Structure formats: structure tokens, C-alpha cells
Peer 1: 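One structure, as C-alpha cells, below. Some questions next.
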Amino acid sequence: MSRISNIRRLSWLGIFSLLVTLVLSACGDATNTTAPATTAPAATTAAATTAAATTAATATTAAATTAAGTSAAATTSAATSAAATTAAATSAAATTAAGTTAAGTTEAAATLPANYNKMNTSVKGTVRFGTWEGGDTITQINQVIDAFKKVYPNVDVKLEAVPTDYGTKLQNQIAAGNAPDVFQIGDGDARLFVDKGGAEDLTPYITGQYGLDQSIYYENVLNIGKVDGKLYYMPKDWTGMGVYYNKKLFADAGITAPANGDWTWDQFRDMAKKLTKADQEQWGAMYFDQINHRDIYPILLANGADFLSQDGTKIQGILDSDAAIKSFNFPNQMIYTDKSMPDLKYVKSNGGTDLFNNGKVGMEIFAYWSMADYLGAKPLDFDWGTLPLPHMTGKAPTNVIYWAGLAMNKKSQNKDAAWEFLKFLSGPEAGRIRGQFSIKAVAQELIAKEPRYAPFTSIAAQYFTPLPELRTRFFNDTIGKYLDKGLEDAQLADTQDFTQVVKQAAADSQKELDRLRAQGS
Amino acid sequence: MAVINETQVNRPVKQRTANQRKRSETLAFYAFISPWLIGFIFLTAGPMIATLGLSFTYYDLASPPTWAGLDNYTHAFSDPDFWQSLKVTGLFVLFYLPLSIVLGLLIAILMNQNIKGIAFFRTIYYMPVVVPSVASAVLWLWIFHPSRGLLNNALGAVGVPKSEWPYWFLDPNWALPAIIIMSLWGVGSGMIIYLAGLKAIPQNLYEAASIDGANPIQRFWNITIPQLSPIIFFQVIQGLIGAFQVFAPAKILSPSGLGGPNGSTLFYVLNLYNVGFGGSHQMGYASALSWILFVIIMACTLLVFRSSSVWVYYETERN
């Protein structure tokens, strides 16, 4: 009798704690999935920007929207192709004119071209949009969808959010032919969906009758979505790398931040040495968590090295070149020779990424993702600034992009409507809602409000090169696996020289790449 | 005559009703087990057969599978990750399984005492089982934290200097032991089954042994263990299968979820997952890996089954 009641008590306890943990893990999931490539940091400022947006810019967009709206209304009611073509023709003229002036006056022209695009509001039907976003960012996307529906009342947008195993599910859907009409993609999977016929070539759309003025974007950011010269992805979210620095520690050490953000890696190293106080466990600089292949990419490029050949077939002989190995060993000199950077074991066991927040590190190399925390959720109790990434002495600056793109399903049944939605989603109005700074004007507004965004956005955007991840769909099976795993193991084992690690990774990666390529298709 | 006639007439009728009842019983049987049966066919057997087919192909989800012959299987045997994952999993089974059996049994014996409030302790010992593996892994991440963790600070309290504290999940030598320690936290599930077994042992056996002068240790070895052996056998089989399939702890606790550092937590199923769900989705190779694991588990289980005649005591068999 008592045993039965015990069991019942146990099972109640079980059900209760299961529920609690379920709820907890659900919350955990949501936050986890938004962590990479989030728009969260931009969110707060975006809202602020839209609210306090420069009157000129708001006026222009509003005007543009209404203009386009009315012309579209005319098109639908008249339903004559003549009307449509004239409307398109005039706006085309306007766009080119605006485009040239924008290009002429370079970035100073923060205002948008009068008619930034030509809307085809006659489209109707359903457009399915696949995303991995959850939480706050979904709210923004819903706002974008609402704004879209005001202009395109005949289109029904169905949001399909898949926060976990998004890539796998999407790949299944592509294979089964029931993928969403518009979907977002991470930089690691981008090449796969081009090779496997999941992503539609957007070149004819963007240059077509209902095209889009490409000059509103940072050219280097738009180019990330190109494979073999064709545009497959519109930019969704992205960030470059920059340096956060602790102004108090700078002042204490008697050093000043480089004027105009122009500095070299040698200067960076010197400053790190000056900022280090071993007895107080104060470090000059650190990378965010473990150093991976992307952290090193800017240095690699500056040294004239690379990960793999442009055609994506050769790794050995390139990844393990002397110049590449020298690049990988750069942080090691700071960790073991200068002792101005903490080693990974120290980082992981002493507050990890909070080391900078706790005022224990002078400079931290990272992307824009910390901005939202520092500006809002987790404000720092010291004065801080941001700097562009240093460059090699006598060489042009280099940077690396973290990026998510938007694609159109190649097998979409409603491509015209899908394009209109895709265009809207990547356009200025949605950009203002989402804090999307691929668009120069939106980035300018953001920077006017908070200049510390500049190193990760407008400045970094000048130095992006196409991502090596897009050269082969096997990047993550090879370099992404062997190199990052090798680097992690080496860092945890206090390896002071990465020569062997990189050589081994190059050999393993090449072997695996050859094997996977031989499997064909 | 009349009697014979009557039986001759009646027999077929009776037989039919018996048949009918049998048939309706059969129908009811299948109707009642259909939820499981449908689930088994569509969610277990179907996918299993599908993976067997896929294991002989190259398949990346996005395009139709292409024939690979035995390539995925031969590749496994030349893949260092396969051997590493087999080694890690083997070590885990070797240490975790005996420890979990012994600890589970010992705790069950403790929980079998007639003490006031024993139900409270039973509940406490069972609690970890109802905590999902992900949640408990996150919890243990804190316990094993190199500088702020409970465990290392406990070591510090007993005089181990800070410089000697293990880095646990960051150290290739300590990561696997840490996962074994963590997994042993869940021995409560075995405990509850042993406890049920202990309660079912007839008290008269102990009384008879006591009268014959057997001491507690003799009673334990000669009554408790033989009487519990079918339950221990069940636990060994269950534990064996489960231990080979460990996934969540390594996925969460290794520094970047890849089975590091230095492959020290590259469990078989974690490697399988990384192959199938990471990178370009090598589902064919992942399918082959899962069938190799199936064969390994099957062989080990059969081995335990074979050995059971030596050490498992079934009362009914002796009679």
C-alpha cells in the first residue's frame, strides 16, 4: 500500500520536474538558437533609429512607398501592360539617376534613391518563409510581414520557424520538393544549396523589370551571396570583426587609441604588452573563446595566404603554406612569448568571455554581437570603445564576415510573389525594422546614433572578400572539422607552435575532400 | 443413438463458437497492441530497414542516393574517428556498466532498510533519473567547472592545491572519467528495480538461513544475489544497450560539441551524429555506422545471454 503511494508520489514528482525542465530547456533552446547571427543587438538600436530616424530619410522612404503604392494600384486597376511598362520605365529612369548620384557622392548620400525598386503589387497567392529565428527576432520578422502586407494585400506570407536542426529539415524539404518559397541560410550551408539546386539564381530578378537598385547595398556584402558570378543570396544579417577596448585600462597604461582607427597588428601586439599586468591577472588582449579558422582569416589574407584553392579542390599546399602557418602562430606569440593573451584553458576556467566585461582584458577581438549586451542588457561599468581590426604594416586592411543570406526556392510555385517578398525583406523598410545594415543608409543611421557600430559595419564592409566557405560545399566536412578541432585540441594542450597541427589538418582535410568529391553528384 | 446423434449435430456448432471466440480474441489482441505495433512498424522497423538500404549508398538528403556498394563500411574501418569513437565508447561501457550495477544494488540495499522517512531518501535517489540528460549535463558542467566548480573546490577544501585541480572536460585525460562520474548520478533507475526485486525475495529463505547459522554476508551471497540474478541480468542487458548509445553528455560537455578535447569524448553515437547531421550530411555513411553499432550491441547482448545460464538463477527452471 505504502509502496504504491510512494510510486505515485514519485511519478508526480517526475511529471512536475519534467515539466519544469521542459520549460527551462525550451527557453534555453530559444536563446541558444538566436545566439549565432542574431539581429538582437541591432534590434534595440533599430527601434531607436526608426523612432528618431533622420526626418529626411523617413520622408524619402514614405514618399517612395506611397509613390510605388499608387502606381501599383493604378497598374492593377487598369490592368493594361502599357500602364505597367510606363510605370516601370519611369521608375527605372529614376533609379538609375539616383543610383549614379549615390555612387558619385559615395557614402555621404545616406538618403535612398527616390524609387529604390519597382514593385509588382499584382502578385498574389501564398509565400512561405523559412527561418531559424525564434524569440525577439521573430517579432521583428512579423512586423516586416505586416508592413509587406500593407503594400501587397493579395499575398499571404506564411512564417515557418524551425529553431532546431534547421539546415537538416530544409535539406529534406528541398529533396522532397516542399521547401519554403523564401528561406534563410547560414554561411556554412550556402554552397550546398547552390550545388543541390535548392537556391534560385536571383540575377535575372534583381536586374529584371521588377528589380532592385543594388547600389543601396555595400557591394562587398552583396557579393558574399554570389557563387560563380551569379547572385543566389540576398544579405540577411552580417557582421565583420573588430576590437572592443577598455578605455580605463588604456588610460591606466598611458596609451591612446589609434587615430582614425588606423593601426597595425604590430601596434596591437605592443599595446597588448603594455596593457598586461601579470600579477593582477590582467591581460592585454584576447579572442572571444577559442580561436577558430575565421578568427585567423584576416591575418591569413594579409599574409597572402588562404585556406584552399579558388576552385575549392586543393587544400594541401595552401592551408599548410609557410605564410598560413605563420598566421596561425600569431596569437601563440602573444600567448606564450609576450604572455599578453590568456591561453584557452585559462579563458575557459576563469569566466570565459566575461573576462573583458569584468575589466580584466584591455582589448577583445570579436564581432558586433556583444554590442547589444554592452549597450543594454549587460552594460559595462567602465568606459569602452571599438576599433577596426588592425592591418599588416604596409598592407591594406582585411576582415572576415559572419553572414546569413536569404534565398528563393528554385522549385517555388509562386516565384514572382516570392521575389517581391524577398526584395521587401532585404529592402530598406524591412531593414529599418530589423536593423539590417547591409543597406548603406540604414547602417549610416545606426552609426549616427551609435558610432561604436562602425568598425563592425561600414568600415569592415570595405574589406570583405568572398567567403572561402562558398568555394566548396565540403568546407565544413574538411577544414571546418579538422582545422577547428585541431586548433581547439592544440589550444587546450598548450601547444605553442601550430605547425604540426595545421599540417595534419591540411593532410586530413585534403584526404576527406578527395573522398567526398569522388562520391560525385 | 440419440445421444451420439446429438453430439454429432452439436459438435460443429460448438467448434464454430470456439473458433469465433478465438478469432475475436485475436482481433482484440491486435487492436489493443496496435498503437505499439503501428509505432514499431512505421517509426522503428521501417526506418531501420531504410537505413540498411541507405548504408550501401552515398546520400546527402538533398539529392537521390547513389549506389556505393560496401564503400561506407570499408571507409569506417579506415576512418580514425570510427576507431576513436569505438575506443571511447568501449571504455565507457567497461567502467560505467559494472559500477552502475554495483552502486545501484548497494543503494537499493540501503533503501531497503526499515527506517522512518526512507521514502524521502528513495525519492531523492530517484530524482536524477527524471532530470533530462541535457539539464543534468548543464548542471554537471558547473560541478566540474575548473575554477568555480563544486568538485574542484571540494578538492581544494581537502587540501589539493589549485595548481593540481583537474580541468575535467578541458583535459583529454579527465573528460571521460568526468562523464562516467556524471552518468553514475543516474543509478537511481537501477536502484528502483533492484528495490522491487529485493522486496520480492521470500523472507522465509532468510529465516531458514538464519536458523542454519548463516551470517549476513553468507545470506547476501547465497540468497540475495541468486534471487536477484534475473534482475541483475536484465539490468546488465539494459545498461549495456544504453551505454553504447550515450550521446547527450558528450554533445553538451565537450568544448565545441565535437567530442574533444583530443577526441577523448568522441562517443560512437556523437560521431555518427556529426557525420550525418554536420557538414554536408553524409547520411549513407551515418547509416552504415549505425548498423555497425547495431551488430556490436547485438553481439554483446548475445554474449551476455549465453553467459546467463552460468550465473542467472531461475526458480522455475530448477523445478
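Please read these numbers as outputs of a predicted model, since none were measured by experiment. So that the names make sense, note that chain A is the first sequence line, chain B the second, and so on, each numbered from 1.
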Peer 1: Find the distance between OH (A:Tyr482) and CG (B:Asp81) and round it off to the nearest 0.5 Å.
Peer 2: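 Between A:Tyr482 OH and B:Asp81 CG, I get 5.5 Å after rounding to 0.5 Å.
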
Peer 1: Does the A:Asp489 side chain pair with the main chain of B:Asn262, one donor and one acceptor, at a distance under 3.5 Å?
Peer 2: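 Side chain of A:Asp489 to backbone of B:Asn262, a donor-acceptor pair under 3.5 Å: yes, one is there.
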
Peer 1: I need the A:Asn172 CG to B:Met283 CE distance, nearest 0.5 Å.
Peer 2: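 With rounding to 0.5 Å, CG (A:Asn172) is 7.0 Å from CE (B:Met283).
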
Peer 1: Could you state the interatomic distance from CD (A:Gln519) to OG1 (B:Thr57), rounded to the nearest 0.5 Å?
Peer 2: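 OG1 of B:Thr57 is found 9.5 Å from CD of A:Gln519.
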
Peer 1: Highest number of heavy-atom pairs under 4.5 Å with chain A: which of B:Gly149, B:Pro261, B:Pro80, B:Ala68?
Peer 2: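 Most pairs with chain A among the choices: B:Pro261.
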
Peer 1: Atom CD in A:Gln171, atom CZ in B:Phe277: separation rounded to 0.5 Å?
Peer 2: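 So the gap between those two atoms works out to 10.5 Å.
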
Peer 1: Where does B:Asn173 contact chain A at under 4.5 Å (heavy atoms): side chain, backbone, both or neither?
Peer 2: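 For B:Asn173, neither part sits under 4.5 Å from chain A.
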
Peer 1: With only heavy atoms counted, which part of A:Gln173 is less than 4.5 Å from chain B, the side chain, the backbone, both or neither?
Peer 2: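 For A:Gln173, neither part sits under 4.5 Å from chain B.
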
Peer 1: Has A:Lys345 got more than 12 heavy atoms of other residues, nucleotides or ligands less than 6.0 Å from its NZ?
Peer 2: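 Enclosed.
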
Peer 1: Non-hydrogen atoms of chain B under 4.5 Å away: do they reach the side chain of A:Asp195, the backbone, both or neither?
Peer 2: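 For A:Asp195, no heavy atom lies under 4.5 Å from chain B.
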
Peer 1: For each of A:Asp477, A:Asn292, A:Asp189, A:Leu492, tally heavy-atom pairs with chain B at distances under 4.5 Å, and name the one with the top tally.
Peer 2: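 Top option by heavy-atom pairs under 4.5 Å: A:Asp477.
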
Peer 1: What is the distance from atom CG of A:Leu516 to atom OG of B:Ser280, rounded to the nearest 0.5 Å?
Peer 2: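 The OG atom of B:Ser280 is 5.5 Å from CG of A:Leu516, to the nearest 0.5 Å.
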
Peer 1: Identify which of B:His145, B:His75, B:Arg148 forms the greatest number of heavy-atom pairs closer than 4.5 Å to chain A.
Peer 2: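 Result: the option with the highest number of such pairs is B:His75.
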
Peer 1: Could you give the distance from CG (B:Leu61) to OG1 (A:Thr168), rounded to the nearest 0.5 Å?
Peer 2: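 B:Leu61 CG to A:Thr168 OG1: 7.0 Å, rounded to 0.5 Å.
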
Peer 1: If you count heavy-atom pairs under 4.5 Å with chain B, which of A:Gln491, A:Lys485, A:Lys511 comes out on top?
Peer 2: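 Option with the top pair count is A:Lys485.
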
Peer 1: Can a salt bridge be assigned to the pair A:Lys196 and B:Asp60 using a cut-off of 4.0 Å between side-chain N and carboxylate O?
Peer 2: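 Yes, this pair counts.
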
Peer 1: Mind running side-chain contact (heavy atoms from CB on, under 4.5 Å) on A:Glu512 and B:Asp79 for me, showing each step along the way?
Peer 2: CA-CA 10 Å; A:Glu512 185 69 354; B:Asp79 181 359; over 6 Å; no

